[in-house]
Amino acid sequence: MTVPSWLQTPACRFLAGALLLLGACAPEPPEPEPGMALEPAAFTELAGWPGTSPSAALRAFVAGCGRIEKADPDARFGGKDFAGRLSAWQDACRQARITPTDDASAQAFFEAWFQPFAITDGGKPEGLITGYYEPVLEGSREPSERFRVPLHARPADLVTVDLGEFAEDLQGRRVAGRVENGRLVLYPDRAAIDQGALSAQNLELLWVDDPIGKFFLQIQGSGRVRLPDGTMQRIGYADQNGRLYHAIGRELVASGELSKEEVSLQTIRAWLEANPDKAEALMWRNPSYVFFRPLPDLPDDQGAPGALGIPLTAGHSLAVDRSIWPLGAPMWLDTHLPPEVGGAPLRTLAVAQDTGGAIKGAVRADLFLGVGPTAERIAGPMKSQGRMWILLPKAAAPTS
């Protein structure tokens, strides 16, 4: 397997030394979310720091600065007290824009402007770290005998409500549905949509030849479709039907088809392909359904825009629980690759730029790994334990 360039560093191949003790002069930790604790740390405590290509992490951080710089400087970043005022982040953004983009300069920038805080959740320092990627499917703009599986655009009657606009303690939470008789009701689930619940709306964006590939495309949230003439149409997340995500791997474990240790994208796909008479019913157990939108041409090395609205960077963009973490914040990740691809340490500086239905909790992240089969081989079996640190501007002055 060819390993992506962002993994080809000594930090990802060798185990770093043990963590050092906290410095006596460390600042007081900010007030965390309920159940979450933040403890100040030194950069020397981050095993493998500065990790894989801090210059790429700097570029990812700068890409998210547009929204930060337009916001009210007196507001709290992401509505979170612990993240400090936006003015401190805006100062960091201005410095980031004039920082040279070589690795040494990027490392010096983060060390000069930010303070790491170790994250624990319910007293536990480790949590689940997974990976995601952009799949490539074969498809067409018109249906045919081969291309019979539709990818749908966002329905006009789908209503999405950002609950954070109504109450501060609901920041990052949303509901979706459609209005009937003046009330917001549940939108059709996956089974209903697959059976034609939306056929009258003419929402078919593209047609692909693989219903299982479509299912995993919806889980990943974005991808690319190779058309018959060889051109590539990029598609990205447009919205979701508001139904809760349900992992079908749990069903396979509960029924004894797979053990918990065996569950991965690859083993689930293999089971679905080997059981075509049961595959559709199993996929319907996940009622969540994602709608897509066409994306403009982007450089091949850039991923589709995430929840922050900017293209994702392989190895340096994280999906996090948006109800806890403000999008745009840099985070240090200390985990390892799955055993199926060697199990080497994976330590990288990434930026919270995306979210996902299965990403819940303070020490929980999904790392964007890139595009195509190589990224899929890594992301599919990745369910590693790992630690996370958030980097907050030194001038943020958190309050309780």
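As the structure is a prediction and not an experimental result, all values here were calculated from the model.
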ILVMFWY cluster, [X] and [Y] together (side-chain gap under 4.5 Å):
| X | Y | answer |
| --- | --- | --- |
| Val161 | Val179 | yes |
| Tyr245 | Leu252 | yes |
| Leu346 | Val341 | yes |
| Leu206 | Val290 | yes |
| Leu367 | Tyr133 | no |

Of all the heavy-atom pairs spanning [X] and [Y], show the shortest one and how long it is.
| X | Y | value |
| --- | --- | --- |
| Lys260 | Lys383 | O-NZ, 3.0 Å |
| Gly386 | Val363 | O-CG1, 3.7 Å |
| Pro116 | Trp389 | CB-CD1, 4.4 Å |
| Lys214 | Leu137 | N-CD2, 3.8 Å |
| Gly361 | Trp325 | O-NE1, 4.3 Å |
| Pro188 | Ala197 | CB-CB, 4.2 Å |

At what distance, to the nearest 0.5 angstrom, does [atom1] of [X] lie from [atom2] of [Y]?
| X | Y | atom1 | atom2 | value |
| --- | --- | --- | --- | --- |
| Ile212 | Leu217 | CD1 | CG | 13.5 Å |
| Ile68 | Ser87 | CD1 | OG | 12.0 Å |
| Met382 | Leu337 | CE | CG | 6.5 Å |
| Arg322 | Lys360 | CZ | NZ | 11.0 Å |

Are any of the side-chain heavy atoms of [X] and [Y] separated by less than 4.5 Å?
| X | Y | answer |
| --- | --- | --- |
| Leu308 | Arg67 | yes |
| Pro50 | Asp103 | no |
| Val62 | Cys93 | no |
| Ile268 | Val263 | yes |
| Leu392 | Ile390 | yes |
| Glu340 | Arg377 | no |
| Phe82 | Leu38 | yes |
| Asp189 | Trp284 | no |

Please determine if [X] and [Y] form a salt bridge, counting it only when a charged side-chain N lies under 4.0 Å from a carboxylate O.
| X | Y | value |
| --- | --- | --- |
| Asp210 | Arg146 | no |
| Lys124 | Glu126 | no |
| Asp334 | Arg387 | no |

Non-neighbouring partners of Arg94 that pass salt bridge (Lys or Arg N to Asp or Glu O under 4.0 Å), sequence neighbours left out: Asp91
Chi angles and distances behind the side chain to side chain contact (heavy atoms under 4.5 Å, CB included) call for Gln95, Trp113: CA-CA 9 Å; Gln95 181 61 37; Trp113 283 80; 3.2 Å; yes
Side chain to side chain contact (heavy atoms under 4.5 Å, CB included) evaluation trace for Ile235 with Gln233: CA-CA 6 Å; Ile235 53 173; Gln233 174 63 61; 4.2 Å; yes
Candidate list Asp354, Leu312, Ile310, Leu295, test side chain to side chain contact (heavy atoms under 4.5 Å, CB included), partner Pro305, passing option: Leu295
Among Leu244, Ile219, Asn241, the one residue meeting side chain to side chain contact (heavy atoms under 4.5 Å, CB included) with Ser288: Asn241
Give a yes or no answer on whether the side chain of [X] reaches the backbone of [Y] with a donor-acceptor pair at less than 3.5 Å.
| X | Y | answer |
| --- | --- | --- |
| Gln115 | Ala41 | yes |
| Gln266 | Glu376 | yes |
| Glu251 | Leu282 | no |
| Asp102 | Ser105 | yes |
| Arg243 | Tyr187 | yes |
| Ser140 | Pro143 | no |
| Thr335 | Gln385 | yes |
| Gln240 | Gly242 | yes |
| Glu134 | Ser222 | no |
| Arg148 | Glu145 | yes |

Distance-only side-chain donor-acceptor flag, Glu262 / Thr267, under 3.5 Å: no
Whether over 12 other heavy atoms sit under 6.0 Å from Arg97 CZ: yes
Ile193/Arg190 under side chain to side chain contact (heavy atoms under 4.5 Å, CB included): CA gap, chis, key distance, verdict: CA-CA 5 Å; Ile193 294 173; Arg190 175 179 299 276; 5.9 Å; no
CA sep, side-chain torsions, deciding dist, call: Trp271, Glu257, side-chain hydrogen bond (donor to acceptor under 3.5 Å, both in side chains): CA-CA 8 Å; Trp271 189 94; Glu257 298 288 343; 3.1 Å; yes
Aromatic ring proximity, centroids under 6.0 angstrom, Phe61 and Phe114: yes
Proximity of His152 and Tyr289 rings by center, below 6.0 Å: yes
Residue pair Trp49, Glu111: steps toward the side-chain hydrogen bond (donor to acceptor under 3.5 Å, both in side chains) verdict: CA-CA 10 Å; Trp49 173 263; Glu111 291 176 353; 2.7 Å; yes
Step-by-step side chain to side chain contact (heavy atoms under 4.5 Å, CB included) determination, Phe292 to Gln218: CA-CA 9 Å; Phe292 296 101; Gln218 290 184 307; 3.8 Å; yes
Residue pair Thr348, Thr52: steps toward the side-chain hydrogen bond (donor to acceptor under 3.5 Å, both in side chains) verdict: CA-CA 5 Å; Thr348 187; Thr52 58; 2.9 Å; yes
Aromatic Phe291 / basic Arg154 pairing, under 6.0 angstrom, 45° off normal: no
Worked verdict on Thr231 versus Asp229 for side-chain hydrogen bond (donor to acceptor under 3.5 Å, both in side chains): CA-CA 6 Å; Thr231 59; Asp229 64 1; 2.6 Å; yes
